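Before any comments, here is the structure.
Values below: all heavy atoms of this structure, side chains included; hydrogens, waters and symmetry mates excluded. Keep in mind the model is a prediction, meaning the values are calculated, not measured. By convention in this document, chain letters (A, B, ...) are assigned in the order of the sequence lines, proteins followed by strands, and residues within each chain are numbered from 1.
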Amino acid sequence: MLLITCPWCGPRAEIEFRCGGEAHIARPDPATASDADWERYLFLRENAKGVTLERWWHVHGCRRWFNAARDTTTEEFLAFYRMGEPPPATLRARLGR
Amino acid sequence: MPHSPTASLPAIAGAGVTAVEAPLWGKLVLRLDGEARRRTEAALHIAIPERPLTSTEAQVGVCLWLGPDEWLLVTAVDMAGEVASRLDAALAGTHHAVVDVSHRTLAFRLAGPKVRDALAAGCPLDLHPSAFPPGTVARTLLGKVGITLHLRRDGSTFDLYVDRSFADYAWRHLELAARELNG
Amino acid sequence: MVNDAYRRGRSAAPSHGTMQRYSIFSLARNALTGHRNWQAAWRSPEPRPAYEVVIVGGGGHGLATAYYLAKEHGITNVAVLEKGWLGGGNTGRNTTVVRSNYLYDESAAIYEHSMKLWEGLAQELNYNVMFSQRGVLMLAHGSHDEQVLKRHIHADRLNGIDNEWLTPAQAKAFCPPLNIGKELRYPVTGAALQRRGGTARHDAVAWGYARGADARGVDIIQNCAVTGVRRDGDRVVGVETTRGYIAAGKVGVVAAGHTSVVMAMAGLRMPIESVPLQALVSEPVKPVFPCVAMSNAIHAYISQSDKGELVIGAGTDQYVSYGQRGSFHIAEHTLEAIVELFPIFSRLRMLRQWAGIVDCTPDRSPILARTPVRGLYVNCGWGTGGFKATPGSGHVFAHTIARDEPHPINAPFTLERFRTGRLIDEAAAAAVAH
Amino acid sequence: MSGAWRLPRGGRVDRARPLRFSFDGKAYTGLTGDTLAAALLANGVHLVARSFKYHRPRGILAAGCEEPNALVQLDRGGGREDPNLRATQVELFDGLVATSQNRWPSLSFDLAATADRLAPLLPAGFYYKTFMWPAGWWRRVYEPRIRAAAGLGRSPSRPDPDRYLHRHAHCDVLVVGAGPAGLMAAAAAVMSGARVILADEQAEPGGALLAEPGLRLDGMDGAAWLAAALGELTAQPNLTLLPRTTAFAWHDHTYLGLLERVTDHLAEPPPHLPRQRLWRVRARQVVLATGAIERPLVFPDNDRPGIMLASAARTYLNRYGVRVGARVAVFTNNDSAYATALDLAAAGVTIAAIVDCRADPGGELVQRARAVGLPVRPGAVVTGTQGRLRINQAFVAPLDGGGRSSPVVCDALLVSGGWNPTLHLHSQARGRLRFDEKLWAYVPAELVPGEQVAGACAGSFALADALREGAQAGVAAAAAAGYRAELPALPAVEAPSWSEPAPLWRVPLGRGRAWVDLQNDVTAKDLELALREGFRSIEHVKRYTTTGMGTDQGKTANVNALAIVAAGLGQGVEAVGHTTFRPPYTPVTFGAFAGASRELQLDPLRRTPSHAHAEALGAVFEDVGQWRRARYFPQPGEDMQAAVGRECRAARQGVGLFDASTLGKIDLQGADAAELLNRVYTNAWAKLTVGRCRYGLMLRDDGMVLDDGVTARLGPDRFHMTTTTGGAARVLAWLEEWLQCEWPQLRVFCTSVTEQWAAIGVCGPKARDVIRAAGTDIDLSREAFPHMSFRDGSVAGLPARVFRISFTGEIAFEINVPSGYGGALWEALWQAGQPFGITPYGTEAMHVLRAEKGYIIVGQETDGTVTPLDLGMDWMISKAKPDFIGKRGMARPDLARADRKQLVGLLTRDPTVVLEEGAQLVEDPAQSLPMRMIGHVTSAYHSANLGRSIALGLVQGGRERIGQTLWVPMPAQPAIAVEVTRPVFLDPENRRLNG
């Protein structure tokens with residue numbers, strides 16, 4: 001059972017959350033998006049082995065969505081940040097993004 | 001006389017933990033942006049808690065933090081409608097929502113020296129006074145249902161809010177845990 | 001050609017092979033010499049600099065692919081590269097359920113193809129994979145489940161696949177520990193039964209295919225992790241490994257759990273998320289559970305192994321992970337369902353719990369296909385249901401690699417379907433598919 | 001008298017409180033404080049079990065959870081049957097009934113033991129090599145026999161009457177193990193003010209202190225010091241002491257599972273207590289003080305009853321006052337076994353020999369043994385034993401092979417192959433291990449976040465080290481958890497020092513099978529066979545031979561197996577690696593995981609406010625998700641079809657009453673509420689006027705139907721959305737996700753009001769009459785209150801919001817009142833409706849009525865693969881809107897195909913035949929299998945109003961096929977002919993609706 005730090009409520013048990021999968025997937029402009037663009041948006045995932053950026057929803061808490069960085073080999077969380085915010089600079093450095 | 005879904009369920013009473021279903025209270029969900037929050041405080045003479053997981057009390061009732069732009073105002077049932085219309089008037093033009101959920105959500109009042117143990121049978125929160133001081137409020141889980149848990153200022157009485165159709169499950173869950181605590 | 005394979009499946013193992021025959025007689029003979037003369041089930045060769053085909057992944061599917069490449073297509077210049085030990089991934093971690101009663105024609109075809117191969121596999125491989133057609137019972141709890149299961153039954157019947165409807169009483173008669181009482185939160189209102197479904201010994205499948213492939217000249221190389229896929233333009237030319245570069249005319253990726261990782265080495269992004277799938281066993285008890293039973297509605301599935309352990313499958317975790325762990329509450333949730341459906345098991349005890357990494361596609365159907373990179377083929381996305389498909393998957397994937405075109409059975413399981421929208425949505429059809 | 005082998009005094013048992021118990025039907029007496037194993041040994045019973053594969057006679061090897069052999073079945077009556085319990089852990093209670101397992105007809109004479117004579121034919125993995133001919137026989141002949149022979153104990157045959165509970169707990173420091181190290185760790189942490197949980201799997205805390213009388217701390221003997229230390233500890237309010245509690249799993253983020261056995265040790269458990277409790281502990285820091293487990297030695301015939309771990313014999317002697325023999329031999333590679341020999345000798349037991357493989361053992365204990373004249377045989381090993389049901393001789397020979405073996409007469413042989421730190425939790429926490437070639441054991445290679453280790457589990461076997469490390473670990477843990485902690489004063493310790501052990505993984509001499517895994521009957525030869533056959537990975541060896549896969553998970557077997565495999569491969573032990581330690585550490589009851597989630601509490605059962613009224617009217621209910629809804633209301637003598645037919649007729653010809661409270665309801669407020677609707681629904685919303693309602697269809701972004709429902713405009717910036725019953729939570733989550741993650745600029749607040757409102761539908765030509773009769777201030781006339789609008793007012797004296805919407809095609813009003821009054825509203829309408837013959841109808845009639853009109857049900861006509869176009873709902877799709885969720889997805893090539901499955905009506909040629917939902921459609925029923933299926937039936941009913949059966953289905957290119965005849969092949973009957981029609985069977989012009 002992961003321990004997830006909600007940016008508003010602090011550390012809480014995983015059962016209070018829903019994982020929304022990979023974060024920062026931009027929805028293409030439907031007017032101009034090709035079928036390949038739509039496939040990339042709907043289905044293609046980095047599915048990283050290592051640090052991944054993902055979305056969590058504190059459904060049984062403040063009901064806020066937020067972002068997290070987690071190492072998928074150890075489950076260690078490296079950062080939590082609010083929806084709309086970019087990943088912390090330290091993290092971006094580590095990810096080289 | 002509004003119907004109570006727990007009326008026919010086994011009592012939770014004893015030396016360890018006691019529970020009663022509270023009479024119907026007025027409950028308003030407040031969704032407020034910054035401006036709306038200021039006007040609400042002025043209109044109702046109550047501080048709207050900004051710090052997460054905290055609550056305030058005033059003449060009009062108790063205000064529970066539910067989220068960064070969401071609160072539950074608990075007041076007398078016959079005042080709810082009037083407070084709601086007063087707010088809608090005061091908040092005209094702001095981004096807000098005032099929603100009467102008096103019948104949606106019911107409340108249990110829990111007390112007793114073992115009340116934390118009874119809750120801990122199904123609630124994943126750390127309820128130790130050092131982690132959950134008086135006045136704390138949190139939405140969380142009890143077993144498989146969502147609840148809002150509020151430790152009143154006396155530091156020993158919990159108000160547990162649960163939606164109507166889940167009240168039966170929540171009550172039975174507490175009753176099973178309370179059996180051993182009440183001997 | 002398919003039926004051909006089944007026929008050959010029942011024929012004896014190859015005479016040309018160097019493989020030592022297994023039988024009660026060879027056991028007796030070897031007993032006399034204290035079992036000192038058994039050969040290794042497979043060689044452990046050093047990798048050669050180049051192969052006609054390199055299979056990435058030494059699990060059941062990869063080994064079966066190599067086996068059928070050699071047997072059906074005469075391609076023996078093949079290496080199977082395994083980063084750890086054979087069958088150490090999901091092959092050795094699953095709950096060994098075998099069935100073919102899927103909804104959509106495409107799924108039914110490939111799983112039934114597999115089922116037919118299972119039915120002759122021990123003889124085909126001269127290795128007892130302990131395939132036991134004990135029957136797979138899928139429980140319905142209420143009218144919606146009944147509609148879903150009956151839709152399966154009708155479709156299966158017309159596809160020539162056995163699947164029948166049982167009343168609760170009939171289900172209880174078939175599976176005595178089942179609780180069909182009304183006190184259940186979600187009482188059992190019926191069940192679908194595939195009598196030909198059952199279980200097999202998971203390790204034996206990997207070992208049997210490895211032994212068979214090895215006997216036909218395939219090099220099986222363990223402790224050899226692929227670290228890169230080398231391309232020449234739009235064509236694959238080989239793989240970098242922890243044991244050096246290996247050139248390859250064709251590369252088949254069969255690396256369940258790590259598909260995205262390996263395909264990323266070839267510059268391809270996949271429609272896959274890798275999540276933990278948990279399973280557990282009880283302490284062994286005398287025979288008490290005669291079949292396989294599953295309930296999608298309150299997520300649980302269960303059978304009893306030959307050793308006597310109750311083998312129980314739990315659900316997948318909600319997050320991507322390569323940690324082979326998963327969260328506490330998942331197994332807990334499954335055991336709630338088990339104790340509810342089989343209350344006599346409440347006092348039995350969990351002996352071991354573990355997790356595998358399953359590659360899930362958006363439609364919970366696999367991908368067995370060519371890729372945009374010429375000479376690179378991928379077999380993945382079996383989600384929680386890969387074990388049962390092992391023989392059929394290997395058989396048609398070998399065809400796909402050998403002929404550079406899909407077998408009719410795997411033709412629908414393309415990568416393109418996620419762009420065009422022609423999904424094979426078993427997920428929508430029946431919650432999760434085991 | 002509690003057994004001939006009980007010493008007159010000593011031990012921690014209560015001699016004043018004897019307990020009666022039986023084993024295999026024979027009555028015995030034990031003492032309060034005994035384990036079953038101790039009580040059996042006190043009565044001279046060593047033969048207690050048969051092994052898994054060969055059914056060899058087996059005795060008691062250990063005194064704790066590592067026991068591989070002594071598994072028994074308990075039966076407490078009333079369905080309380082427990083197989084595979086370790087006699088070494090079962091606490092004795094009065095009236096305990098135990099039986100041995102896996103034997104027939106009796107323990108001393110087991111027919112299945114013939115397997116042992118066939119052993120040469122049954123080496124590791126034999127079953128992979130045979131039982132293949134003839135093909136059918138595996139399932140029918142071989143497998144049933146193999147299964148019958150396997151399996152150890154018997155499953156309970158009746159439901160478990162006991163209760164189980166869970167407890168969530170949080171602490172700063174969790175200390176696992178209450179031996180010397182754990183006690184010091186807990187003491188150090190508690191003094192700092194940290195919240196500490198101290199868990200120990202045994203009935204009393206103390207660990208080694210309970211069994212080693214030689215130890216002295218601060219001048220006190222171990223027991224006295226323990227009592228004092230516990231007294232101080234338990235006085236601290238910030239300490240929770242959990243005896244009989246096993247920490248069995250370490251999950252991510254220092255989340256540990258603990259099993260507390262609350263009443264298993266009680267003869268008569270009080271009813272208010274749960275049998276067991278599952279603790280889920282989130283700890284900031286964990287101190288592992290889990291001790292070590294002694295290794296047996298691998299030598300020929302090392303599995304006979306009477307062969308026991310030296311430390312176990314010492315425990316039985318000192319803790320339970322039981323002699324395990326009268327003439328005892330000892331075989332060791334280290335000093336610890338000498339302590340056992342000394343204690344036994346002091347208790348009057350004859351020590352026949354101390355066989356030590358070390359050429360020149362020189363430790364303090366060795367010298368003491370020599371000093372008191374115990375026969376030490378250095379440089380020697382045991383090369384074999386004798387005795388069918390109990391050892392009676394051991395054969396001893398020089399290790400160097402020079403010299404013949406000589407017999408040593410004995411009734412017990414105590415072995416010690418060194419000690420393995422108990423690292424299961426460390427390993428579960430992803431901690432790496434290192435093989436220490438001084439201790440010849442695995443020790444932690446490094447600590448994982450949140451972990452401290454102390455004492456024997458860290459490889460520090462000396463008492464003084466354990467105490468010091470424990471204190472240091474407690475301080476470190478408290479500090480890491482944010483407390484200021486000082487090192488407590490350490491007790492002055494007098495304890496013998498140990499000299500170095502010598503590795504002895506397998507005695508190279510002698511004939512006969514040398515057992516490595518006693519429970520699964522794996523011999524050293526089996527391991528070598530696996531290597532010979534190419535199973536070189538340790539995981540392969542484990543799986544091929546099943547070593548370490550018994551219910552003890554190889555606690556006594558694994559390291560010996562690793563070393564033997566290493567030798568076989570010519571590698572070091574560490575190079576071979578080790579298999580994964582999988583949770584749980586010891587087996588955990590399924591029921592404990594399930595906890596209180598049984599039957600009614602398995603999942604919340606949701607009832608509507610008028611549930612009791614429906615019950616009173618004799619409703620038959622069905623589960624719809626978590627809701628329990630009235631399906632139909634049979635009158636005496638009516639079956640479902642009759643009742644549903646009557647209900648359907650009433651709803652169209654008179655008036656029906658329907659509980660619609662379960663529909664999801666969402667309050668939307670904000671300046672951009674209409675824009676939100678424009679984006680999440682396929683149709684246009686901007687122009688909907690206040691007071692009006694509109695039907696909406698919601699898609700996923702891949703173009704598939706997600707949900708549908710009617711939404712009303714309450715004000716310029718306020719809407720009341722309804723969803724399907726099953727979709728209520730999903731749709732709210734959907735809206736919030738889009739608002740928060742994709743469209744934060746949209747100003748809309750969403751609030752669930754599903755349970756704020758009870759919704760009662762009044763449907764049919766007489767609907768207005770009933771509502772007027774119930775009393776209302778709302779003008780219900782057609783002109784004042786048109787279809788698809790709503791009004792606020794009062795009904796039956798209750799504040800109400802009335803929607804004029806219809807899911808039946810009739811005039812219908814859905815009356816919403818605050819849910820506390822839902823029952824009252826139902827009652828009022830029921831009473832007021834009597835003169836009009838008001839008829840309550842359930843979900844089944846609702847399904848029929850909507851099907852007559854061709855209205856879809858999301859989840860029945862759709863399954864996540866259906867688009868609005870497939871449903872023929874093009875009219876619902878705004879051409880004007882640049883975008884809405886699902887628009888682009890729908891434009892993908894395969895979603896525009898003409899041969900997609902489309903919704904059509906299906907009329908059977910024989911009007912009395914009702915199709916089966918899920919049945920498949922074909923063009924040619926005569927074709928051979930596999931048939932080409934072109935569609936399936938999604939809904940099928942008998943329609944009383946139409947006097948015939950009707951059905952809806954999804955058919956490839958269905959709209960093009962209208963008028964065609966298709967076939968539904970059914971088992972054991974001719975195929976059913978159906979005509980494809982439009983999916984509307986009644987009042988296509990909606991005259992009734994707008995009446």
To the nearest 0.5 angstrom, please state how far the OG1 atom of T865(D) sits from the CD1 atom of I424(C).
-> 12.0 Å

Would you say the side chain of L158(C) lies within less than 4.5 Å of the side chain of P930(D), judging by non-hydrogen atoms?
-> no

Examine distances only and state if a side-chain atom of R422(C) and a backbone atom of P893(D) form a donor-acceptor pair shorter than 3.5 Å.
-> no

Give me the ring orientation class for F328(C) and F593(D): parallel if the planes are under 30° apart, tilted from 30 to 60°, perpendicular past 60°.
-> tilted

With the side chain counted from C-beta on, respond yes when E916(D) and H154(C) share a heavy-atom pair under 4.5 Å apart, and no when they do not.
-> yes

Side-chain heavy atoms of Q101(D) within contact of K286(C), under 4.5 Å = no

Below 4.5 Å, heavy atoms only, C-beta onward: do R325(C) and D252(D) meet side chain to side chain?
-> yes

Is a donor on one side and an acceptor on the other found under 3.5 Å between the side chain of D160(D) and the backbone of P343(C)?
-> no

Just by distance, do the side chain of R36(C) and the backbone of R532(D) share a donor-acceptor pair under 3.5 Å?
-> no

Per-residue contact mode, Q626(D) against chain C (heavy atom under 4.5 angstrom) | both

Side-chain contact test, heavy atoms from C-beta onward, threshold under 4.5 Å: evaluate it for E81(D) versus R347(C) and give yes or no.
-> no

Is D623(D) salt-bridged to R185(C), cutoff N-O under 4.0 Å?
-> yes

With sequence neighbours left out, write down each residue that passes side-chain hydrogen bond (donor to acceptor under 3.5 Å, both in side chains) with S26(C), or none if nothing qualifies.
-> none

Is there a donor in the side chain of Q222(C) and an acceptor in the side chain of S537(D), or the other way round, less than 3.5 Å apart?
-> no

Least distance between heavy atoms, Q123(C) atom then M132(D) atom = NE2-O, 2.7 Å

Under 4.0 Å between a Lys/Arg side-chain N and an Asp/Glu carboxylate O for R151(C) and D863(D)?
-> yes

Verify, without hydrogens or angle tests, whether E340(C) (side chain) and E599(D) (backbone) share a donor-acceptor contact under 3.5 angstrom.
-> yes

Value for CG (D203(C)) from CZ (F535(D)), rounded to nearest 0.5 Å, stands at 9.0 Å

Is a side-chain donor or acceptor of N128(C) paired with a backbone partner of Y127(D) at a separation under 3.5 angstrom?
-> yes

What part of R275(D) gets closer than 4.5 Å to chain C, counting heavy atoms only: side chain, backbone, both or neither?
-> side chain

Structural part of N520(D) lying under 4.5 Å from a heavy atom of chain C = side chain

Verify whether the ring centers belonging to W138(D) and F131(C) lie closer than 6.0 Å.
-> no

Checking heavy atoms, do the side chain of D105(C), its backbone, both or neither come under 4.5 Å from chain D?
-> side chain

Are the aromatic rings of Y127(C) and Y128(D) close, with centres under 6.0 Å apart?
-> yes

